[in-house]
Number of protein chains: 2
Amino acid sequence: MRRDVFQGIADPTRREILNMIAHKSLNVNSVASNFDVSRTAIYKHLKILSECGLVVIQQQGRERFCEARLERLSEVSDWVEQYRKVWTSRLDNLEDYLKELQSKNKKHGRKKTR
Amino acid sequence: MRRDVFQGIADPTRREILNMIAHKSLNVNSVASNFDVSRTAIYKHLKILSECGLVVIQQQGRERFCEARLERLSEVSDWVEQYRKVWTSRLDNLEDYLKELQSKNKKHGRKKTR
DNA sequence: TATTTGTGAAACCAAAAGGTTGCATTATGA
DNA sequence: TCATAATGCAACCTTTTGGTTTCACAAATA
């Protein structure tokens, strides 16, 4: 079974769970009560999140508190950021190209600079 | 069928495909030849990627060129970034706490500032 | 024209995902 | 001690995922 952060955040319910506990840990029932699926379904999502390190579950009496480990999201961030230069430079090129087109249409070859 | 960017990048093969065509568009066969699964399997991944907007496929003769639309990753980036403040401030708190502990252990209460 | 190349898509399959109900276990509180 | 609350987990189900083999078809080429 693949268990990485990318798969962890792939499901919208799991992203909602993360958002819910981002600022304050909640016990399993509290998390589940915010959804209209069963507690067991939410428990499974929590288990997946904990398996990929995005959540840590700690027992306290008869309750288990779920704490978000948001810093694990840096893996996702790093992966995306490696491509940012590529896509922004492409958008710049497109922008340049459009500006050049515009200049040519106006037939006075002035080149705008940003 | 859910088709969003998060699900698009959930599969490691699809992330590899994106990486492969990030700088240069490739036709379907060229993409597939880099993997040891069948062309059809890769074709399905490409279809999923195009359904969630991460890839655009354009016909050129009998070939279809696959072009990465990396700017779609900004959706992922935005989602992650909303949590960065939360996790970095927590790490700062932890750091402060550890430094305070250290000071107390050295029994001379000096408080380092960054 | 006949053949090869590049591709799309159908039919099928096993495993994983996401859900349910039901039951066992442990901690709390009356 | 007994009832209840919070939870983990097994058993089961349906749909999706990720893969396969096979076939059809259009474009390029010998």
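A note on names: the letters A, B, ... follow the listed sequences, proteins ahead of strands, and every chain is numbered from 1. All figures in this text were calculated on a predicted structure; none of them were measured in a lab.
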Tell me, with the steps shown, if B/V80 and A/W79 meet side-chain contact (heavy atoms from CB on, under 4.5 Å). CA-CA 11 Å; B/V80 171; A/W79 184 80; over 6 Å; no
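- Less than 4.0 Å separates DNA chain D from at least one heavy atom of each of the following residues of residues 53-67 of chain B: B/G61, B/R62.
- Residues forming a side-chain contact (heavy atoms from CB on, under 4.5 Å) with A/T13 (at least two apart in sequence, or on another chain): A/D11, A/I17, A/F35, A/I42, A/H45.
- One can place NZ of B/K47 at 14 Å from P of D/dG18, the figure rounded to the nearest angstrom.
- Only A/V37, A/S38, A/T40, A/A41, A/K44, A/H45, listed by number, bring a heavy atom of residues 21-45 of chain A to less than 4.0 angstrom from any atom of DNA chain C.
- Taking both residues in full, the closest heavy atoms of B/E67 and B/I21 are given as C-CD1, 4.1 Å, listed atom of the first, atom of the second, then distance.
- Distance B/L46 CG to D/dT17 P: 16 Å, rounded to the nearest Å.
- Considering every non-hydrogen atom in both A/C66 and A/I57, the closest pair reads SG-CG1, 4.3 Å.
- If you take CG of A/D11 and P of D/dT15, they are 17 Å apart, rounded to a whole angstrom.
- Of all the heavy atoms in A/A32 and A/R39, the pair that sits closest is CB-CA, 3.8 Å.
- Contact between B/L73 and A/Y83 at its shortest, heavy atoms only, is CD1-CD1, 3.9 Å.
- Separating the CD atom of B/E16 from the P atom of D/dG18 is a distance of 14 Å, rounded to the nearest angstrom.
- Between B/F6 atom CZ and D/dT17 atom P the separation is 17 Å, expressed in whole Å.
- Rounded to whole Å, the distance from CZ on A/R14 to C1' on C/dG18 is 9 Å.
- Between B/S77 and A/E81 the shortest heavy-atom distance is OG-OE2, 3.3 Å.
- Heavy atoms from other residues, nucleotides or ligands lying under 6.0 Å from CG of B/D36 number 12 at most.
- Protein atom CD of B/E51 is 13 Å distant from nucleotide atom C1' of C/dG8, rounded to whole Å.
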